[in-house]
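Keep in mind that what you see is a predicted model, and the values were worked out from it rather than measured.
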Amino acid sequence: MIGVTGYEGRLGQKLVELGCVPLVGLDVTNPASIIRVTRKMDCETIIHCAAITDVDKCEDANSEVAVIVNGTGTRNLRMNYPGRIIYVSTDYVFDGLRGPYTENAKPNPISNYGYSKLIGEAWARQNEHKTDIVIRTTILYGTKGKEDFVTKVISQLSEGKEISVPFNLYGNPTYTKHLAEALVYICNLKVDLPKIINVAGKDVISRYSFARMIAATFELDHTWIIPVKEVPGEAMRPLKAGLKLGLAEKLGIPLYNVMEGLTDMKNEQ
């Protein structure tokens with residue numbers, strides 16, 4: 001049985017739809033709740049999605065909370081649950097100077113969000129628990145009821161409003177359902193796996209290019225999309241980020257390009 005922390009989040013919802021078990025009542029900041037829930041559910045593997053993922057909020061008054069949840073929370077889970085953990089991380093553990101990145105690239109986060117996720121990675125990469133895995137991903141979209149970059153672009157263009165989008169901010173847009181399928185696939189592999197695997201959409205593109213593809217897929221007017229250099233938000237973003245997927249391809253993990261993700265999202269609406 002595969003359990004899921006953060007089951008109400010963007011990725012957690014998709015994992016539950018695929019048959020993973022929501023770990024109701026599990027609070028990663030509370031070791032007692034971890035012990036109680038995991039003993040009751042008796043999961044062989046936990047996909048650890050519970051996290052504070054709002055990059056900008058991690059820079060303000062919630063900065064300490066982000067470290068407690070994303071970092072210390074992963075420590076608590078690792079120390080109080082004996083099974084395997086699949087820890088979902090991010091390309092924001094890098095500085096974005098030389099991306100896209102392989103699994104062996106040296107992390108250097110430039111935001112508190114990236115720093116907090118890197119702390120969590122450290123606990124999942126301990127040698128004492130050889131089956132734990134860190135999955136790095138990026139730019140998730142496509143969960144109903146959850147606002148993301150795609151829904152924002154669609155909303156603005158549908159109303160005939162201009163939307164400014166950076167042309168110098170890069171990453172791999174990743175359809176959440178595809179990532180969930182890949183995670184379940186990884187959980188079911190019967191081979192020894194590396195400690196870190198990059199799993200994301202196949203294409204490393206700018207947010208501006210992504211916005212143009214969204215407009216084309218959903219038959220909206222792309223002329224309202226304005227390319228800009230300024231990247232919005234309180235937190236610094238790794239500009240030239242993104243992930244290389246050669247290892248995932250060798251492992252046979254299902255991967256999809258941007259158009260496949262957007263088309264699937266459109267067809268499921």
Practice problem: Report the C-alpha separation of Glu181 and Leu18 in whole Å, then their side-chain angles, then the decisive distance to 0.1 Å, and conclude whether the side chain to side chain contact (heavy atoms under 4.5 Å, CB included) test is met. | Solution: CA-CA 8 Å; Glu181 291 173 351; Leu18 293 178; 4.0 Å; yes
Quiz item: Please, which pairs that meet side chain to side chain donor-acceptor pair (under 3.5 Å) have at least one residue in residues 182-195, sequence neighbours excluded?
Solution: none
Acceptor/donor pairs from residues 100-111 side chains to any protein atom, 3.5 angstrom cut, sequence neighbours excluded:
| residue | atom | partner | partner atom | Å |
| --- | --- | --- | --- | --- |
| Tyr101 | OH | Asp95 | OD1 | 3.2 |
| Tyr101 | OH | Gly96 | N | 3.0 |
| Tyr101 | OH | Leu97 | N | 3.1 |
| Tyr101 | OH | Arg98 | N | 3.3 |
| Thr102 | OG1 | Asn104 | N | 3.3 |
| Glu103 | OE2 | Asn198 | N | 2.8 |
| Asn108 | ND2 | Asp95 | OD2 | 3.0 |
| Ser111 | OG | Gly114 | N | 3.1 |

Self-check item: Shortest non-hydrogen separation from Asn70 to Tyr87 and the atoms involved
Solution: O-OH, 3.5 Å
Self-check item: CD on Glu268 to OG1 on Thr263, rounded to 0.5 Å
Solution: 11.0 Å
Self-check item: Rounded distance (nearest 0.5 Å) linking atom CD1 of Ile119 with atom OG1 of Thr72
Solution: 6.5 Å
Quiz item: Is it true that a side-chain atom of Arg78 and a backbone atom of Tyr81 form a donor plus acceptor pair closer than 3.5 Å?
Solution: yes
Quiz item: Donor-acceptor pair, Glu59 side chain versus Asn112 backbone, under 3.5 Å?
Solution: yes
Quiz item: Counting N and O atoms only, with roles assigned by atom type, does the side chain of Asn80 sit under 3.5 Å from a partner on the main chain of Ile35, one being a donor and the other an acceptor?
Solution: no
Quiz item: Is Val231 isolated, or which residues cluster with it under the ILVMFWY side-chain rule of less than 4.5 Å, directly or via members?
Solution: Leu169, Leu239
Quiz item: Short question: side chain of Arg10, backbone of Glu147 - any donor-acceptor pair under 3.5 Å?
Solution: yes
Quiz item: Is there a donor-acceptor pair closer than 3.5 Å between any side-chain N or O of Asp132 and the backbone N or O of Arg125?
Solution: no
Quiz item: For Met213, which fellow cluster members are found when Ile, Leu, Val, Met, Phe, Trp and Tyr are connected by side-chain heavy-atom distances below 4.5 angstrom, either directly or through intermediates?
Solution: Ile139, Tyr141, Phe149, Val150, Val153, Ile154, Leu157, Ile163, Val165, Phe167, Tyr175, Ile205, Tyr208, Phe210, Ile214, Phe218, Leu220, Trp224, Ile225, Val258, Met259, Leu262, Met265
Exercise. Please round to the nearest 0.5 Å and tell me the distance separating atom CD1 of Ile46 and atom OG1 of Thr5.
Key: 7.0 Å
Quiz item: Please walk me through it: do Ile86 and Thr45 pass side chain to side chain contact (heavy atoms under 4.5 Å, CB included)?
Solution: CA-CA 7 Å; Ile86 308 295; Thr45 299; 3.7 Å; yes
Quiz prompt | Partner set under side chain to side chain donor-acceptor pair (under 3.5 Å) for Lys161, not counting sequence neighbours | solution = Glu159
Practice problem: Spell out, as yes or no, whether a donor-acceptor pair under 3.5 Å connects the side chain of Ser116 to the backbone of Val67. | Solution: no
Quiz item: Just wondering, do Leu11 and Leu183 contact through their side chains at under 4.5 Å, heavy atoms?
Solution: yes
Quiz prompt | Nearest atoms (heavy-atom pairs only) where Ala50 meets Gly6 | solution = CB-N, 3.6 Å
Practice problem: Write out all pairs satisfying side chain to side chain donor-acceptor pair (under 3.5 Å) with one or both partners inside residues 239-260, taking only residues at least two apart or from two chains. | Solution: none
Exercise. Output the distance between atom OG1 (Thr143) and atom CD (Glu8), rounded to the nearest 0.5 Å.
Key: 13.0 Å
Quiz item: Cluster question for you: counting only ILVMFWY and a side-chain heavy-atom cut-off of under 4.5 Å, with indirect links fine, are Met41 and Ile34 together?
Solution: yes
Practice problem: Report, as yes or no, whether the 6.0 Å neighbourhood of atom CD on Glu234 holds more than 12 heavy atoms from other residues, nucleotides or ligands. | Solution: no
Exercise. Check whether Val88 and Ile2 end up in the same hydrophobic cluster, where Ile, Leu, Val, Met, Phe, Trp and Tyr are linked by side-chain heavy atoms less than 4.5 Å apart.
Key: yes
Quiz item: Mind checking whether Pro194 and Leu247 have side chains closer than 4.5 Å, heavy atoms only?
Solution: yes
Quiz item: How long is the span from the CG atom in Leu255 to the CG atom in Leu179, to the nearest 0.5 Å?
Solution: 10.0 Å
Quiz item: Under the side-chain hydrogen bond (donor to acceptor under 3.5 Å, both in side chains) criterion, do Ser158 and Ser155 qualify, and how do the steps go?
Solution: CA-CA 5 Å; Ser158 297; Ser155 176; over 6 Å; no
Quiz prompt | Test salt bridge (charged side-chain N to carboxylate O under 4.0 Å, His left out) applied to Arg136 - qualifying residues, sequence neighbours left out | solution = Glu121
Quiz item: Can you tell me how far the CD1 atom of Ile85 sits from the CD atom of Gln126, to the nearest 0.5 Å?
Solution: 9.0 Å
Practice problem: Determine the sole option in Thr138, Thr137, Asn172 for which the side-chain hydrogen bond (donor to acceptor under 3.5 Å, both in side chains) test with Asp91 is passed. | Solution: Thr138
Practice problem: Might you work through the side chain to side chain contact (heavy atoms under 4.5 Å, CB included) test for Asn76 and Val28, ending with a clear yes or no? | Solution: CA-CA 6 Å; Asn76 292 339; Val28 295; 5.6 Å; no
Practice problem: Indicate the atoms forming the closest heavy-atom contact of Gly201 with Leu245, along with that distance. | Solution: O-CD1, 3.4 Å
Quiz item: Between Pro166 and Arg207, which heavy-atom pair has the shortest distance, and what is it?
Solution: O-CB, 3.6 Å
Quiz item: Linking I/L/V/M/F/W/Y whenever their side-chain heavy atoms sit closer than 4.5 Å, directly or via other members, would Met1 and Leu23 fall into one cluster?
Solution: yes
Quiz item: Taking all atoms of both residues into account, what is the closest heavy-atom pair of Thr176 and Gly142, and its distance?
Solution: OG1-N, 4.2 Å
Self-check item: Partners passing salt bridge (charged side-chain N to carboxylate O under 4.0 Å, His left out) against Arg84 (at least two apart in sequence or in another chain)
Solution: none
Quiz prompt | With Glu219 via salt bridge (charged side-chain N to carboxylate O under 4.0 Å, His left out) - residues at least two apart | solution = Lys266
Practice problem: Treating Ile, Leu, Val, Met, Phe, Trp and Tyr as nodes and any side-chain heavy-atom pair under 4.5 angstrom as an edge, say whether Val21 and Ile47 lie in one connected cluster. | Solution: no
Quiz prompt | Heavy-atom closest contact (Val4 atom, Cys20 atom, distance) | solution = CG2-CB, 3.3 Å
Practice problem: May I have the step-by-step check of side chain to side chain contact (heavy atoms under 4.5 Å, CB included) for Val24 and Tyr7, ending in yes or no? | Solution: CA-CA 8 Å; Val24 180; Tyr7 61 89; 3.8 Å; yes
Quiz item: Taking only residues two or more places apart in sequence, or in another chain, which ones meet Asp27 in a side chain to side chain donor-acceptor pair (under 3.5 Å)?
Solution: Thr29
Quiz item: If you group Ile, Leu, Val, Met, Phe, Trp and Tyr whenever their side-chain heavy atoms sit less than 4.5 Å apart, what else falls in with Val204?
Solution: Tyr170
Practice problem: Find out if a path of hydrophobic residues (ILVMFWY) with successive side-chain heavy-atom gaps under 4.5 Å connects Tyr92 to Ile197. | Solution: no
Self-check item: Residues clustered with Ile226, ILVMFWY side-chain links under 4.5 angstrom
Solution: Val228
Quiz prompt | Asp56/Arg237 salt bridge by N-O under 4.0 Å criterion | solution = yes
